[in-house]
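Structure, as structure tokens:
Because only heavy atoms are used, hydrogens play no part in the values below, and waters and symmetry mates are left out as well, while side chains stay in. Remember, it's 1-based here, ligands and their atoms both numbered in the order they're listed. By convention here, the first residue in the shown sequence is residue 1.
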Amino acid sequence: MNYRSTRGTAPEMSISQAIIKGIASDGGLYVPEKFPQLSCDWETLSKLSYKELAKEVLKGYLDNFTEDELDHCIDGAYTNKFEAEEVVPVVKAGLADFAELYHGPTAAFKDMALSLMPYLLTVSIRKEGEEKTVVILVSTSGDTGMAALKGFENVPGTEVVVFFPDGAVSPVQERQMRTAEGKNAHVFSIYGNFDDAQTTQKKILNDKEFAEEMDKVGIRFSAANSMNIGRLIPQIVYYVWGYLRMMERGEIKAGEHINITVPSGNFGNILSAYYAYRMGLPVKKFICASNKNKVLTDFFNTGVYDTHRDFYVTNAPSMDILVSSNLERLLYHLSGDGKYIAELMDALNKGGHYEVRPEVKEAMGIFAAGYSDENEVIDTIGRLYKENGYLIDTHTAVAYSVYEKYRKESGDETPCLIASTASPYKFVAAVSSAIGLAKEADDFRQIESLNKLTGVRIPSGLKDLDKREIIHNTAIEKEEMKDRIRNEFKRS
Ligand SMILES: *Cc1c(COP(=O)(O)O)cnc(C)c1O
């Protein structure tokens, strides 16, 4: 099977080539030319473990991987790396089923994909005859940096270089990155903001001379952001998994439809749910939930994507985003027209907005969308905890709150699966205040106090974080990023 660019002009690639390349040469994103189909024998699928199901779902996408390679990747990703035995527990609380995607090493859902992607990348590299060490560059505003450091931790043939804005990530996130233990971890804070780091990183990745220079010392660069198709496909698995668990519990019959609600930012997670649907998962509605940065809500309701608006820093910060990169993939799948997508993205780059044509707007009808503000988030966490004894984080609360409103307004009571994207401990200050817990001196004390009150286990990745040894303590100017990379690897 081939992967093609959403913008229609770059050459088609195999999956291993697409994973290595990341972004297509015409600026588009790689998408599968067709969707592999699930065996709809739901009863048989429901007997599989998470890893077995992952193999079943992913083999159609990773069609040039051998059986052994698939096993190697999936075992490496999900054996003993998640603190829940079933990898993704599905918990019924209130009006919905929550797929807890946060039991991985960094306590947020990005671990689901970033545990597997390093294996997909290294196998792809060997397959394409690449002998070099792959250096993954990551600029991060918080969650992705640590998930990449953990996912690639000591994976042979890889090195990870993370740049984060100095003083602009949460204390927990900063401590996680500064104490990263992998022998292949290289972490720097940058005097500047996230955009400075990201822009400089893009320049480095496009610097041909530098690439040649590093090539001579056995280095090849790659990136691990969610535009890489290798980040997207691992996420399909848990939607099928969640469906099967709802079936097992008798909430739905085999083949019956569900709704899926996803707290969305860059649109990667909900797009993976859509891929599951295209593979045969019976879904009636996708409910796209936003915080006050509601560019996606407005888009699904009007067909106009418009980034000219105020940007808010909210208590669900991983969704504070105005340009949702993966929406491009959905629009391609709905229109099938690369030239049209290139025009839309050109309009977005130049003018900051676009409007889709009527057929595309109509095809978007399987999506509903809504948003919730910070007060609604706090209220939702408090209510769900008080009434159901179930604790959720701020991002998941956006989803639940939007789902409640959707259900009331539409009268649609189809059983709903919600993507629960982070441990409540990760956003401990907001969660504590929502359930009326007194404020402690810092986030580390707050984690202990939340644990005492609720009895919910502290993820080991967040435990005793303030007692760990600081390993990475170098702050640099953004102009130094390239030299730092050179220094890190010249000696090897
Ligand atoms: C990244 C993230 C999201 C948003 O996911 P997208 O795939 O970018 O839409 C939601 N919640 C949490 C906790 C995240 O880290």
Side-chain angles (χ1 to χ4, degrees), residues 29 88 98-115 117 138-148 150-151 164 169-170 172-173 176-177 194 224-236 238-239 260-276 286-297 299-300 314-330 367 369 371-372 377 381 391-403 418-428 430-431 459 461-462:
L29 308 179
V88 176
F98 293 82
E100 296 185 350
L101 306 174
Y102 57 76
H103 294 285
T106 77
F109 98 96
K110 292 186 175 64
D111 289 327
M112 296 303 305
L114 278 163
S115 299
M117 197 215 162
V138 187
S139 356
T140 180
S141 55
D143 277 344
T144 305
M146 194 55 206
K150 270 289 167 191
F164 70 89
V169 299
S170 82
V172 170
Q173 289 170 327
Q176 279 185 315
M177 292 188 276
F194 169 64
N225 57 30
S226 74
M227 285 172 262
N228 194 310
I229 186 76
R231 275 281 300 275
L232 212 60
I233 53 178
Q235 299 174 169
I236 302 167
Y238 48 74
Y239 290 105
I260 294 179
T261 305
V262 184
S264 295
N266 217 5
F267 207 71
N269 201 2
I270 195 166
L271 186 73
S272 297
Y274 177 76
Y275 277 28
F286 295 96
I287 300 153
C288 175
S290 304
N291 62 22
K292 213 169 150 194
N293 295 295
K294 60 182 183 65
V295 64
L296 285 168
T297 307
F299 174 66
F300 281 106
T314 74
N315 57 9
S318 303
M319 296 154 65
D320 291 344
I321 191 163
L322 292 182
V323 180
S324 301
S325 316
N326 276 297
L327 190 59
E328 176 171 351
R329 284 189 165 109
L330 177 70
F367 285 81
Y371 79 102
S372 286
V377 164
I381 296 172
L391 196 63
I392 55 175
D393 95 294
T394 50
H395 302 76
T396 310
V398 168
Y400 190 68
S401 166
V402 167
Y403 172 61
I418 290 183
S420 179
T421 52
S423 159
Y425 286 104
K426 200 136 195 197
F427 300 93
V428 66
V431 170
L462 300 180

- prompt: Which of the atoms of ligand 1 are close to Ala422, meaning less than 4.0 Å from one of its heavy atoms?
  reply: 13 (C)
message: Donor-acceptor pair, distance only, cut-off 3.5 Å: does the side chain of Thr140 make one with the backbone of Gly145?
response: yes
message: With side-chain contact (heavy atoms from CB on, under 4.5 Å) as the criterion, how do Asn269 and Tyr239 come out once you've worked through the C-alpha distance, each side chain's angles and the decisive distance to 0.1 Å?
response: CA-CA 10 Å; Asn269 201 2; Tyr239 290 105; 2.9 Å; yes
message: Run the side-chain contact (heavy atoms from CB on, under 4.5 Å) test on Gln176 and Thr106 for me, step by step, so that the C-alpha distance in whole Å, both residues' side-chain angles and the decisive distance to 0.1 Å come before the verdict.
response: CA-CA 8 Å; Gln176 279 185 315; Thr106 77; 4.2 Å; yes
- request: Return the residue, atom name and 0.1 Å-rounded distance of the protein heavy atom closest to atom 1 (C) of ligand 1.
  value: Lys110 NZ, 1.5 Å
message: I'd like to know whether the aromatic ring centres of Phe367 and Phe286 sit less than 6.0 Å apart in this structure.
response: yes
message: Please report whether ligand 1 has a polar contact with Gly268, defined as an N or O pair separated by less than 3.5 Å (distance criterion only).
response: yes
- prompt: Under 6.0 Å between the ring centres of His395 and Phe427?
  reply: yes
- prompt: What protein heavy atom is closest to atom 9 (O) of ligand 1, reported as residue, atom name and distance in Å?
  reply: Gly265 N, 2.7 Å
message: Which residue and atom name correspond to the protein heavy atom nearest atom 7 (O) of ligand 1, and how close is it?
response: Asn269 N, 2.9 Å
message: Run Ser420 and Tyr102 through side-chain contact (heavy atoms from CB on, under 4.5 Å) and show every step you take.
response: CA-CA 7 Å; Ser420 179; Tyr102 57 76; 3.3 Å; yes
message: Heavy atoms only, cut-off 4.0 Å: how does Asn266 contact ligand 1, side chain, backbone, both, or neither?
response: both
message: Is there a polar contact between ligand 1 and Met319, counting only N or O atoms under 3.5 Å apart?
response: no
Flag for Asn315-Thr394: side-chain donor and acceptor within less than 3.5 Å: no
task: For Asp143, counting its heavy atoms only, list the atoms of ligand 1 lying under 4.0 Å from any of them.
output: 15 (O)
task: Identify, for atom 3 (C) of ligand 1, the protein heavy atom at the shortest distance, and state residue, atom and that distance.
output: Phe109 CE2, 3.7 Å
- prompt: Between Tyr400 and Phe98, does the ring centre distance come in under 6.0 Å?
  reply: yes
- prompt: What residue and atom, counting heavy atoms only, is the protein's closest point to atom 13 (C) of ligand 1, and at what distance?
  reply: Thr421 OG1, 3.4 Å
query: Which heavy atom of the protein is the closest neighbour of atom 10 (C) of ligand 1, given with residue, atom name and distance?
result: Pro263 O, 3.6 Å
